[in-house]
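Whatever order the structure lists ligands and atoms in, that order sets their numbers, starting from 1. Treat the numbers as computed from the prediction; the structure is a model and nothing was measured.
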Amino acid sequence: MNETKLKDLLEQMTFDEKIAQLMQLATPFFEGAESEGQITGPLAGLGLNEEEISNSGSVLGASGAKEVINIQKAYLKKNRLGIPLLFMADVVHGYKTIFPVPLAIGCSWDLELAEKSAEIAAKEASVSGVHVTFAPMVDLVRDPRWGRVMESTGEDSYLNSLFAKAFVRGFQGSSLENEAYRVAACVKHFAAYGAPEGGRDYNTVNMSERELRQSHLPAYKAALDEGCEMVMTAFNTVDGIPATGNKQLMRDLLRDEWKFDGVLISDWGAVKEMIPHGVAADESEAALKAIEAGVDIEMSTSCYVKNLKMLVDNGSVSEEIINESVLRILKLKDKLGLFENPYRDANEELEQKLVMSEEHRQSAYELATKSCVLLKNEQVLPLNTEQKIALIGPFAVNGDILGPWSWLGSKEDAVTLVDGFKTKLDQANLFTAKGADIDTITEEQWQEAIQVAEQADIIVLALGEHSDMSGEAGSRADIRLPEAQLTLISKLKDLRKPIVTVLFNGRPLDLHGVIEHSNAILEAWFPGTEGGAAIADLLYGDVNPSGKLTMSFPHSVGQVPVYYNHFNTGRPKDASDAQVRYVSQYLDIPNEPLFPFGFGLSYTSFSYRELSLSSEVVTPTEPITVSVQVENTGNVAGEEVVQLYVRDVAAEVVRPLKELKGYEKIWLEPGEAKTVSITITEESLRYHHANLEYKSDRGEFFVYVGSNSQQVQAASFVLEK
Ligand code: BGC
């Protein structure tokens, strides 16, 4: 349909039909849903009548071609103008074939595979009837107490922006109109949801506009530059005003400054939450604030549908603003081709064939191998197939490795760690015991673990957090492993056998109690459906680990937030002088995180030499290239992520000690060397000044190249303008 036709359609709609388009309801409200009528909890209190439901514009969480087709059919029978429903769902890191959690995907530094994971998720979701996914989540994260850090790719806005674009490309392809098996993406949670005070979910976010623009906004903007169709509001306040009713953020910045003309949806219940936030006295005021801010769709509450008529009648809201929102929704439906084919790609036969296909699982496996990060290795890894292995721990035989957002992923389909080990060694050499539950341990359990461990050469301990310990509403103040698992490891260490710890978790942990007793640690995050297979291949050296952290591991929780791109302070700590008191430091722990951004080991070693600059002067028209020779100095082939950081030495506003400006992932055979060249442009040196102007300053810059954010070689150049 062209815009004129859509406008004609809009003209034919009654006011009630219009505002119903702005309401999104969960699946059980709809005839044809498998969970039809099971409306409980807060949903039951919405007080919706049949007509409101039968006109609502979109559905949250329906899945499966059969269910979606049934709902759409039943709906269209009743909908006077034949406007189809939009089906939206959280397809975050896979539909049924589950990829590693996004934080793990970040650690792969592999944009191609990230894009591929989103493309596969889109394929599985689209044949199962989904039109829109609530992804990518691109919130910048610096506080591992926050349970949702696993949904983000990490603490660096440049890297997050690259991933944001890759995910959007993967979900949407080059065109939703012309390409089948793609879904519209919805970037979230706008804005700065990743910075709640104290790491407590939904909590206040407080920062300057400059910091917001400098660090937090780039990834959302990157997603939109890639054509992301939708934006979701955040639950939190931004400068004292809940994002969902924040006109400066939504109208002035998102719509007017960034020219975003797609659909803006609230997060679940976030419109009504303006009441407890304390900026709306009742649901009508909440509706007024959200619509004025430019929120098109209200997710899961009924403030709009119950109040917008009254607000228009009494002149508080213009009908024009409502027409604009409805038109944006109709346009999206049109772009997805729903007026011609309301079922789009939903197809039971294809669903059978494509969902969890071998090919999809293979991609999930590949990404899992790239996402795990080897944190420590005292020459115990790789294992060899002759060794007797005691595989112990709550994650030894546990399918809970998909992560908290793997909504449709099934634990039964997951390759567990023991499944992976079984493919590697003679069963007679593999001994398993649970040793402990995630939160509890009994004497019987650890005694059994000791007996099992006594028979083996090496103990592989599979520890971690169950999936409910991270994710939404999964904040933790103590980010060590639960005491039960620390007890288990301390009992086993007395056997004086090598311990290889594999961690399954949704956040950087405080590893005290684990690190000192482990001879090797592999951070596996929630690795997804093929997790066990990928980990076994990594542990046995069939695949060489190449993941690098994209979020710092704190030394202990007292350091949090600790991130690599921080300021220097006026009294920086000088490591060479430990005696000085009046410097910025902790008296009891180091300033540095336990493992910094960019860190990850390999079974080989890489040497960096001959750092050189094509020129010592950058100008707006003449970028420079920074080159370094990287050699694989070990005995096995491996991949290295060569990272380039920059520091603006004296700027108008303090700039971070290091900022990632480029990287390259290279494969090197043993003894092979490659020269890596990364370009620095004037544009990449810009930042937000005191007056928020985005520009660069003349002067000196340091440039660092290395294998993580701490281990680097340095040079310098000047920017001339
Ligand atoms: C989450 C969103 C999610 C939405 C819909 C909310 O609780 O914050 O990330 O997309 O639910 O499921």
Side-chain angles (χ1 to χ4, degrees), residues 23-30 33 35 39 41-43 46 56-63 86-95 101-103 118 121-122 125 130-141 146-153 164 167-168 171 183-196 199-203 205 219-220 223 228-238 242-244 262-274 276-277 290 295-301 403-409 467-468 470-475 506:
M23 172 172 65
Q24 173 160 107
L25 293 175
T27 317
F29 281 98
F30 293 89
S35 53
I39 299 158
L43 296 182
L46 293 183
S56 80
S58 54
V59 187
L60 166 66
S63 71
L86 255 179
F87 287 83
M88 307 196 190
D90 290 276
V91 181
V92 176
H93 52 108
Y95 177 76
V101 291
L103 187 57
V130 175
H131 304 144
V132 176
T133 177
F134 294 132
M137 183 281 217
V138 304
D139 304 327
L140 184 91
V141 290
W146 192 47
R148 300 193 78 167
V149 300
M150 43 68 56
E151 289 178 56
S152 161
T153 46
F167 287 133
V168 171
F171 287 130
V183 294
C186 174
V187 66
K188 67 189 187 186
H189 308 83
F190 194 69
Y193 180 40
R200 179 157 53 79
D201 205 2
Y202 317 123
N203 202 10
V205 169
Y220 308 106
C228 186
E229 290 292 341
M230 283 184 57
V231 174
M232 185 188 290
T233 70
F235 286 124
N236 51 277
T237 53
V238 174
T244 309
V263 174
L264 176 62
I265 188 169
S266 79
D267 201 347
W268 177 291
V271 174
K272 193 170 166 188
E273 286 173 20
M274 279 192 268
H277 264 302
V295 174
D296 301 314
I297 299 181
E298 177 185 7
M299 189 196 291
S300 297
T301 41
W405 250 136
S406 51
W407 168 54
L408 285 171
S467 50
D468 287 347
S470 59
E472 186 172 351
S475 297

Asks: Rounded to the nearest 0.5 Å, what separates atom CE in Met88 from atom CD in Gln24?
Replies: 5.0 Å
Asks: Does Met137 have a non-hydrogen atom less than 4.0 Å from ligand 1?
Replies: no
Asks: Run the numbers for me: atoms of ligand 1, each under 4.0 Å from some heavy atom of Asp90, listed by number.
Replies: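 By the 4.0 Å cutoff, the relevant atoms are 3 (C), 5 (C), 10 (O), 12 (O).
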Asks: Run the numbers for me: atoms of ligand 1, each under 4.0 Å from some heavy atom of Arg148, listed by number.
Replies: 1 (C), 2 (C), 8 (O), 9 (O)
Asks: Distance under 4.0 Å to a non-hydrogen atom of Lys188: what atoms of ligand 1 satisfy this?
Replies: 2 (C), 3 (C), 9 (O), 10 (O)
Asks: Counting only pairs under 3.5 Å, give me each side-chain donor-acceptor contact of residues 132-139, with atom names and distances, residues two or more places apart or in other chains.
Replies:
from: Thr133; atom 1: OG1; to: Val91; atom 2: N; distance (Å): 3.0
from: Thr133; atom 1: OG1; to: Val91; atom 2: O; distance (Å): 2.8
from: Asp139; atom 1: OD1; to: His189; atom 2: N; distance (Å): 2.9
from: Asp139; atom 1: OD1; to: Tyr220; atom 2: OH; distance (Å): 2.6
from: Asp139; atom 1: OD2; to: His189; atom 2: ND1; distance (Å): 2.9

Asks: Within the 3.5 Å criterion, strictly below it, is a donor on Trp405 or Asp90 matched to an acceptor on the partner's side chain?
Replies: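 Trp405 vs Asp90: no donor-acceptor pair found between side chains.
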Asks: My understanding is that only residues two or more places apart in sequence, or in another chain, count here; which of them pass side chain to side chain donor-acceptor pair (under 3.5 Å) with Ser56?
Replies: none
Asks: Any atoms of ligand 1 less than 4.0 Å from a non-hydrogen atom of Trp268? List them with their elements.
Replies: 6 (C), 7 (O), 11 (O)
Asks: Any donor-acceptor pair under 3.5 Å linking the side-chain atoms of Tyr193 with those of Glu151?
Replies: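 Side chains of Glu151 and Tyr193: no pair found under 3.5 Å.
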Asks: Tyr193 near ligand 1, heavy-atom distance under 4.0 Å?
Replies: no
Asks: Of all the heavy atoms in His189, does at least one lie under 4.0 Å from an atom in ligand 1?
Replies: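 It does, in that a heavy atom of His189 comes within the 4.0 Å cut-off of ligand 1.
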Asks: Looking only at protein heavy atoms, which one is nearest to atom 7 (O) of ligand 1, and what is the separation?
Replies: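 Checked against all protein heavy atoms, atom 7 (O) of ligand 1 sits closest to Glu472 OE1, 2.7 Å.
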Asks: Just heavy atoms, cut-off under 4.0 Å: does Met299 contact ligand 1 by side chain, backbone, both, or neither?
Replies: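 The part of Met299 near ligand 1 is the side chain, not the backbone.
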Asks: Backbone N or O of Val271 within a donor-acceptor pair of the Thr244 side chain at under 3.5 Å?
Replies: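 Looks like no, no N/O pair under 3.5 Å.
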Asks: Any N/O of Asp267 closer than 3.5 Å to an N/O of ligand 1?
Replies: yes
Asks: Compare every heavy atom of Val141 with every heavy atom of Val149, then report the nearest pair and how far apart it is.
Replies: CG1-CB, 3.7 Å
